[in-house]
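One structure is given here, and the rest of the page talks about it.
Source: prediction; values computed, not measured. Position 1 is the first residue of the sequence; numbering continues from there. The figures that follow rest on heavy atoms only: side chains count, while hydrogens, waters and symmetry mates do not.
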Amino acid sequence: MTGSDILDDTTADHERLETELVAQDRDAARVATADIDERSARRLVNDLIEDDMVRPIPDQQVLVHDPSGEAFDSITQLAVFHRGWRAARDAEDD
């Protein structure tokens, strides 16, 4: 392409816009999991224990997420994991 043809070619612009829109759609569909603080994590884990989804193992100082079988020694890690696990399950149901 020469001259004004180079300036009029918008193919790359369209591809960039489409790529950006796909990325925005993906971001909107994701569930935020990394923004949980200690207090929220503690509250969520306590609720999970009451709902029999998490089982504390005091002698090993771990919490077991029964639906997945994963064990955690951190309340925050367990809460983040559960949020991601729940989001994946909800996505499967859609």
| task | Inspect the surroundings of CD in E38 and state if more than 12 heavy atoms from other residues, nucleotides or ligands are less than 6.0 Å away. | result | yes

| request: Check the pair D52 / D66 against side chain to side chain contact (heavy atoms under 4.5 Å, CB included), numbers first and verdict last. | output: CA-CA 8 Å; D52 294 326; D66 280 334; 5.9 Å; no

| Are L63 and W85 co-members of a hydrophobic cluster defined by side-chain heavy atoms under 4.5 Å apart? | yes

| Do you reckon F81 sits in the same ILVMFWY cluster as L44, going by side-chain contacts under 4.5 Å, direct or chained? | yes

| query | When rounded to the nearest 0.5 angstrom, what is the spacing between CD in Q60 and CG in D73? | reply | 11.5 Å

| Looking at R42 and I75, what are the two nearest heavy atoms and their distance? | NH1-CD1, 3.3 Å

| task | Determine whether F72 and H82 make a side-chain contact, defined as any pair of heavy atoms from C-beta on separated by less than 4.5 Å. | result | no

